[in-house]
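For reference, the structure is listed below as structure tokens.
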Amino acid sequence: MKITFFGAAQTVTGSMHLVEANGKRILLDCGLYQGHRKEAFERNRNMPVDPAKIDAVILSHAHIDHSGNLPQLVRRGFRGKVYARSATIDLVNVMLRDSCFLQMRDLEYVNKKRRAQGKHLFESLYTEEDIEALLPLLVPLHLHQPLEIFKGITLTFFNAGHILGSAQVMLDVAGGTGHSHRLLFSGDLGQPNQPILRHYEYPQGADIVLVESTYADRLHPSAEDVEGRLKGYIDDIVQQRSKLIIPAFSVGRTQQILYYLNRLLASGRIRQIPVYIDSPLSQKATKIYEKHTGCYNDEAMRLLNSGVNPLTFPGMQFVETPQQSMSLNELRGPMVIVAASGMCEGGRVVHHLKASVGDPRNIVLIVGFQAEGTLGRRLVEHKDDTVKMLGDEVKLEARVHTINALSAHADKAGLMDWYDGVKGRVKHAFAIHGEPDRVKMMADLLAEHGCARAVAPVEGQSFTFD
């Protein structure tokens with residue numbers, strides 16, 4: 001068996017790992033690289049594998065940095081099966097269409113400039129037709145349901161607790177010479193005891209482990225801190241009659257925000273004010289969350305069984321059209337605007353930020369990981385008095401705060417809790433899905449926790465197992 005790391009190696013994005021076993025080539029994830037426009041544009045167009053020679057894809061979850069290049073894989077000749085949980089398939093359907101729309105809009109902007117400069121025009125990564133061609137290839141698989149996808153290769157999913165439908169991937173490979181391996185890919189692991197979703201599981205018996213390292217360098221604040229801080233920010237904007245802008249991923253993070261706001265309002269800790277969810281994808285994703293309640297944890301199910309939908313509350317409304325979105329910038333607070341994208345690299349949130357960051361009464365609340373080179377990272381670091389948005393330098397007067405406890409990624413303690421729970425037979429461990437300092441730290445932690453062969457692979461690096 002051979003593993004080659006093509007994406008999410010020394011970075012947190014573009015997840016793609018190639019497993020070669022028993023004459024088959026299997027991709028673990030097929031994600032888009034997300035980051036600075038020019039670098040992302042080039043990397044996403046140069047796939048490191050021949051799609052026509054890939055036999056299957058196993059999808060850990062629906063986030064675009066894990067699923068976003070699937071349509072291009074199909075466009076370039078892939079005809080195998082894509083295995084995922086049913087909730088992931090539902091999310092992929094809407095998320096890929098949203099990603100395609102944003103790419104086409106971005107491409108229109110880029111090509112307008114290139115046309116004026118007399119340069120050749122770029123083609124889209126993929127189209128709606130490629131997404132339609134992908135959908136029949138998606139195969140739903142339940143948790144704990146082993147499936148022999150090829151002779152001697154059995155796939156089993158376990159809960160990862162990251163977003164709705166997220167899975168850990170276990171591959172049992174029986175070699176022809178009597179050698180066998182059990183590979184466990186963590187996917188993205190959720191923070192223990194996060195709202196809505198069930199806790200990650202501890203699959204047993206793996207001798208090879210691939211583990212994410214996004215927050216291997218830190219501990220998140222307690223979940224109790226989230227409600228208190230949200231209450232404080234809302235009390236502030238009520239008093240200031242201002243705005244709380246929350247850039248949030250449409251899938252996972254937005255639903256967490258809704259859950260906490262629901263609890264605060266229901267308990268009377270905040271007064272009712274307008275809360276606008278300004279993302280068509282967030283609306284679709286929330287409906288999918290409401291469909292797959294089998295993924296909910298005990299607390300969320302208790303609310304449901306008592307007749308309370310944890311993802312809605314008085315004063316909340318979804319923003320339907322671009323015109324309605326733009327009109328929010330003309331309204332006076334207090335109000336909360338939750339909008340995509342989560343890293344502020346595109347989407348409606350950028351317009352809200354541009355219209356709001358010049359007012360010191362307003363608050364920008366960052367609730368998720370911000371990759372290097374993104375507008376979100378620049379806002380968090382705010383080293384300068386101005387920040388570039390939509391081609392203009394904008395004075396940054398608004399207050400910028402972060403809540404790391406809202407992260408859907410496990411922190412250092414959660415990651416090592418998971419590893420200690422699965423490490424019984426582990427001989428090889430690979431630290432992936434983290435920036436360079438964090439995968440190095442994860443590899444060191446894995447060694448401290450008993451793994452003799454802990455490595456932080458670089459992009460393109462391969463490892464062979466007898």
Side-chain angles (χ1 to χ4, degrees), residues 12-13 32 34-37 40 63-65 95 98-99 102 105-106 163 214-215 220 226 229-230 233-234 236-237 242-261 274-286 316 318-319 322 324-326 328-329 333-359 361-382 386-390 392 394 396-409:
V12 295
T13 189
L32 281 182
Q34 295 172 302
H36 189 274
R37 175 186 279 134
H63 274 153
I64 292 299
D65 63 320
M95 293 180 72
D98 181 76
S99 176
L102 294 175
R105 189 176 64 184
D106 197 42
I163 65 166
T214 311
Y215 286 121
H220 296 327
V226 174
R229 292 185 63 190
L230 272 176
Y233 298 139
I234 290 171
D236 187 305
I237 64 166
S242 59
K243 298 179 181 179
L244 174 60
I245 311 294
I246 308 179
F249 297 109
S250 297
V251 179
R253 202 60 41 82
T254 292
Q255 290 73 35
Q256 287 182 317
I257 294 289
L258 296 181
Y259 181 89
Y260 280 116
L261 291 176
V275 176
Y276 299 99
I277 312 302
D278 193 9
S279 163
L281 179 57
S282 294
Q283 183 174 12
K284 295 172 184 174
T286 301
M316 184 196 101
F318 289 102
V319 179
Q324 291 172 335
S325 175
M326 289 185 287
L328 296 182
N329 295 326
M335 70 172 68
V336 178
I337 301 175
V338 183
S341 73
M343 294 189 191
C344 311
E345 276 300 285
R348 296 180 180 180
V349 76
V350 183
H351 296 274
H352 295 307
L353 289 170
K354 187 176 181 181
S356 303
V357 297
D359 187 337
R361 299 175 306 145
N362 293 331
I363 297 174
V364 177
L365 180 58
I366 303 295
V367 295
F369 181 82
Q370 306 297 310
E372 287 190 39
T374 62
L375 173 57
R377 176 66 74 92
R378 293 195 296 275
L379 288 171
V380 170
E381 295 175 345
H382 57 276
T386 62
V387 62
K388 193 169 186 178
M389 295 185 195
L390 301 173
D392 297 322
V394 181
L396 179 55
E397 298 277 7
R399 295 160 289 165
V400 180
H401 297 289
T402 62
I403 297 184
N404 289 324
L406 274 170
S407 176
H409 288 271

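Along the sequence shown, the residues carry numbers beginning at 1.
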>> Do Asp278 and His352 pair up side chain to side chain, a donor and an acceptor below 3.5 Å, judged on atom types alone?
In response: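 A donor-acceptor contact under 3.5 Å links the two side chains.
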Are [X] and [Y] close enough that some pair of their side-chain heavy atoms sits under 4.5 Å apart?
{"X": "Tyr233", "Y": "Arg229", "value": "yes"}
{"X": "Val357", "Y": "Asn362", "value": "no"}
{"X": "Ser282", "Y": "Val338", "value": "no"}
{"X": "Gln370", "Y": "Leu379", "value": "no"}
{"X": "Lys354", "Y": "Asp392", "value": "yes"}
{"X": "Met316", "Y": "Leu258", "value": "yes"}
{"X": "Thr374", "Y": "Cys344", "value": "no"}
{"X": "Ile277", "Y": "Val319", "value": "no"}

List the atom of [X], the atom of [Y], and the distance in Å for their closest heavy-atom pair.
{"X": "Tyr215", "Y": "His409", "value": "CD1-CB, 3.7 Å"}
{"X": "Val226", "Y": "Ala405", "value": "CG2-CB, 3.5 Å"}
{"X": "His220", "Y": "Ser407", "value": "NE2-CB, 3.6 Å"}

> Is Arg399 salt-bridged to Asp236, cutoff N-O under 4.0 Å?
Replying inline: yes
So, taking the atom named [atom1] in [X] and the one named [atom2] in [Y], what distance separates them when rounded to the nearest 0.5 Å?
{"X": "Thr386", "Y": "Arg378", "atom1": "OG1", "atom2": "CZ", "answer": "10.5 Å"}
{"X": "Ser356", "Y": "Leu244", "atom1": "OG", "atom2": "CG", "answer": "10.5 Å"}
{"X": "Leu375", "Y": "Leu390", "atom1": "CG", "atom2": "CG", "answer": "8.5 Å"}
{"X": "Gln255", "Y": "Tyr260", "atom1": "CD", "atom2": "OH", "answer": "13.5 Å"}
{"X": "Ser250", "Y": "Gln283", "atom1": "OG", "atom2": "CD", "answer": "11.0 Å"}
{"X": "Gln324", "Y": "Arg348", "atom1": "CD", "atom2": "CZ", "answer": "8.0 Å"}

>> With side-chain contact (heavy atoms from CB on, under 4.5 Å) as the criterion, how do Met335 and Val275 come out once you've worked through the C-alpha distance, each side chain's angles and the decisive distance to 0.1 Å?
In response: CA-CA 6 Å; Met335 70 172 68; Val275 176; over 6 Å; no
> How far apart are the C-alpha atoms of Ile363 and Ile246, what are their side-chain angles, what is the distance that settles it, and do they pass the side-chain contact (heavy atoms from CB on, under 4.5 Å) test?
Replying inline: CA-CA 9 Å; Ile363 297 174; Ile246 308 179; over 6 Å; no
Is there a donor-acceptor pair closer than 3.5 Å between any side-chain N or O of [X] and the backbone N or O of [Y]?
{"X": "Thr13", "Y": "Leu32", "answer": "yes"}
{"X": "His382", "Y": "Val380", "answer": "yes"}
{"X": "Arg361", "Y": "Ile237", "answer": "no"}

> side chain to side chain contact (heavy atoms under 4.5 Å, CB included) with Thr402: which of Val364, Leu365, Ile366?
Replying inline: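 Passing option: Ile366.
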> So Asp98 and Lys284, salt bridge (Lys or Arg N to Asp or Glu O under 4.0 Å) or not? Walk me through it.
Replying inline: CA-CA 10 Å; Asp98 181 76; Lys284 295 172 184 174; over 6 Å; no
>> Does the plane of the ring in Phe249 sit parallel, tilted or perpendicular to the ring in His63? Use 30° and 60° as the thresholds.
In response: tilted
